[in-house]
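In what follows, a single structure is set out as structure tokens and then discussed.
Values below: every heavy atom of this structure, side chains too, minus hydrogens, waters and symmetry copies. In this text, all values refer to a predicted model and were calculated from it rather than measured experimentally.
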Amino acid sequence: MRKPRAAVGSGRRKQAARQEGRKKRALSSSQAKPSAPDGLARQQEEVVLQASFSPYHLFRSTAEVTAFRGSLLSWYDREKRDLPWRRQAEDEVDLDRRAYAVWVSEVMLQQTQVATVLNYYTRWMQKWPTLQDLASASLEEVNQLWAGLGYYSRGRRLREGARKVVEELGGHMPRTAETLQRLLPGVGRYTAGAIASIAFGQATGVVDGNVVRVLCRVRAIGADPSSTLVSQQLWSLAQQLVDPARPGDFNQAAMELGAIVCTPQRPLCSQCPVQSLCRACQRVEQEQLSASRSLPGSPDVEECVPNTGQCQLCPPPIEPWDQTLGVANFPRKASRRPPREECSATCVLERCRALGGAQILLVQRPNSGLLAGLWEFPAVTSQSSEQHQREALLQELQSWAGPPPATHLRHLGKVVHTFSHIKLTYQVYGLALEGQAPVTTTPPGARWLTREEFHTAAVSTAMKKVFRMYEGQQPGTCKGSKRSQLSTPSSRKKPSLGQQVLDSFLRPHVPT
């Protein structure tokens, strides 16, 4: 990213260095401290001059800030959704329990829609209503309740944080955004600000995806919001705007506006309480008027005209305005790397005649990395041929349950599941053990579960997809499987060594 340019003046290197230093200090100061109402325009003007972007993208008067706060909060009081974490934060008088309730909701809502979170949040708070309750829970219990919500490290870190509060902080949550972020595992700048403002009334701004969209449109910021300079400016704007009398409500109102009105596609601009202050709406009007042949002359709409060079908060010149998008031209969509692709072969191994009913085998993943601590069907990493997949998978099954006898390992199909950064293709196999299950000791890290138990176990959404494929081909109870290809002895070629090993697993056991 190109750094903001410093005015060189006479051209001397020392003067240029001093300018650069003042610019960095001004940016840092504007981010770290809320601007006082008096002198607001002057402080912002210094930042603007040093950072090489236009005051067009800022709130330049206390009147604008006051109008924005008042309009947004009035709309929020009328239109806010009735959500369980909001009720709990409003009704709870104990500050630690209030902060805990906010913390749980904010962590669950990261990268997850409200409709999905509602049921999880309710069940979580019923099971662990206090920090002390969560601190005493096992990781297995946490993973089990979190199963299906995704981003599973969030639940683990919530538990770790609760244990730290109880064991090291006397059961009391840190009271400021700075100490929340510093002391609690997994609590970043946004989550810390949300807890501090909603639970403790600290006047600190927050920036999440919804707030990024609102601020970029309100101030027509078209540069990449993930860049350091733009991110710093968004946090500075959020801090400037937050209402010191109602910081928690203001932050929730900004997020609510982005969630239900200022949406990524087809925003409801006519219902927006701050439309009159929105630079993006003004830009839309400007473009419409410019395109109209019936209205001569230039429209009287303020534009960004930096003093020198390209404004670093405007869209790049190579990205033209898209008339069909309207205000959705803002913010600029950050380029994302496609998820890397991986392949795995996995097998649903079912004992049909186990005591208590049919059971399936699950093994536990390592305690770190993707899906840490969750349970899954035995699997092997696979980039090879189907024959090698089968051999490797049978060896993996043998390590957990002994040589699988009697029935044929069947390939059922494939399941594709995309995690945040990995696109994983599972080649799904099924193997039903029809004989009487021997009484053996299950090795550590493995367990046999009934189908009913599987649906409440700590398994990922991907494993549920795999099991649905297996159930679809073997509904109800275990059914014997037939060889997918039949051949007579005379028509067979001499098997390879690998095939002989495979056949040794598949050959029925004849009692003597």
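- For the pair Ser105 (side chain) and Val102 (backbone), a donor-acceptor distance under 3.5 Å is present.
- Within the 4.5 Å cutoff, the side chain of Leu374 has no heavy atoms near those of the Val459 side chain.
- Side-chain polar atoms of Thr112 and Arg154 form a donor-acceptor pair below 3.5 angstrom.
- In terms of heavy-atom proximity, Cys216 sits nearest to Leu234 at SG-CD2, 4.1 Å.
- Tested against Phe377, the residues Val363, Leu361, Leu349, Ile360 include a single side chain to side chain contact (heavy atoms under 4.5 Å, CB included) partner, Ile360.
- For the residue pair His411 and Gln427, a side-chain donor N or O sits within less than 3.5 Å of a side-chain acceptor on the partner.
- Environment of CD in Gln113: sparse, with no more than 12 heavy atoms of neighbouring residues, nucleotides or ligands closer than 6.0 Å.
- Counting heavy atoms from C-beta outward, Arg98 and Asp94 have side chains that stay 4.5 Å or more apart.
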Could you walk me through whether Lys465 and Tyr426 pass side chain to side chain contact (heavy atoms under 4.5 Å, CB included), step by step? CA-CA 10 Å; Lys465 289 181 180 179; Tyr426 294 92; over 6 Å; no
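- Here the shortest heavy-atom pairing between Arg332 and Gly222 reads CB-O, 3.1 Å.
- Using a 4.5 Å heavy-atom cutoff, the side chains of Leu433 and Glu350 are not in contact.
- Arg213 places no side-chain N or O within donor-acceptor distance of the main-chain N or O of Pro331, the cut-off being under 3.5 Å.
- If you check the side chains of Ser382 and Gln389, you find a donor sitting under 3.5 Å from an acceptor.
- Annotation: side chain of Leu431 is not in contact with side chain of Val348 (no heavy-atom distance under 4.5 Å).
- When only modelled atom types and interatomic distance are considered, Gln110 and Tyr190 share no side-chain donor-acceptor pair under 3.5 Å.
- Scanning all heavy atoms of the two residues, the minimum distance from Gly155 to Val142 falls at O-CG1, 3.5 Å.
- The pair Glu342-Arg340 counts as a salt bridge, with a side-chain nitrogen and a carboxylate oxygen less than 4.0 angstrom apart.
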Residue pair Arg86, Asp249: steps toward the salt bridge (charged side-chain N to carboxylate O under 4.0 Å, His left out) verdict: CA-CA 10 Å; Arg86 288 179 179 163; Asp249 285 342; over 6 Å; no
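- Side-chain N/O atoms of Gln239 and Trp235 include no donor and acceptor closer than 3.5 Å.
- The two atoms that bring Gln88 and Ala101 nearest to each other are CG-CB, 3.8 Å, heavy atoms only.
- Taking the six-membered ring where the residue is Trp, Phe467 and Tyr470 present parallel rings, their angle staying beneath 30° rather than reaching 60°.
- Proximity of Ser344 to Thr425: side-chain heavy atoms (C-beta onward) are nowhere separated by under 4.5 Å.
- By the 4.5 Å heavy-atom criterion applied to side chains, Arg219 and Phe330 are not counted as neighbours.
- Judged by distance alone, the side chains of Asp133 and Thr130 do bring a donor and an acceptor atom under 3.5 Å apart.
- Cation-pi geometry between Arg447 and Trp375 is met: under 6.0 angstrom from the ring centre, within 45 degrees of the axis.
- A centroid separation of less than 6.0 Å is found between the aromatic rings of His417 and Phe419.
- Remark: Arg156 is not positioned above the aromatic ring of Tyr152, lacking an NZ or CZ atom under 6.0 angstrom from the ring centre and at most 45 degrees off the axis.
- For the pair Leu215 and Leu241, the minimum side-chain heavy-atom distance is below 4.5 Å.
- The shortest heavy-atom contact between Val207 and Ala238 is CG2-CB, 3.8 Å.
- Side-chain atoms of Thr228 and Ser231 form no donor-acceptor pair, as typed in the model, at a separation below 3.5 Å.
- Of all the heavy atoms in Ala196 and Thr204, the pair that sits closest is CB-CG2, 4.3 Å.
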Before giving the answer on side chain to side chain contact (heavy atoms under 4.5 Å, CB included), spell out for Gln359 and Leu449 the whole-Å C-alpha distance, their side-chain angles and the decisive distance to 0.1 Å. CA-CA 5 Å; Gln359 295 177 330; Leu449 299 180; over 6 Å; no
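- Using a 4.5 Å cut-off on side-chain heavy atoms (C-beta onward), Val327 and Cys269 make contact.
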Step by step, work out the side chain to side chain contact (heavy atoms under 4.5 Å, CB included) result for Leu237 and Ile221. CA-CA 11 Å; Leu237 284 172; Ile221 297 174; 3.9 Å; yes
Go through Arg163 and Glu168 one step at a time and tell me if the side chain to side chain contact (heavy atoms under 4.5 Å, CB included) criterion holds. CA-CA 8 Å; Arg163 289 170 65 90; Glu168 301 179 24; over 6 Å; no
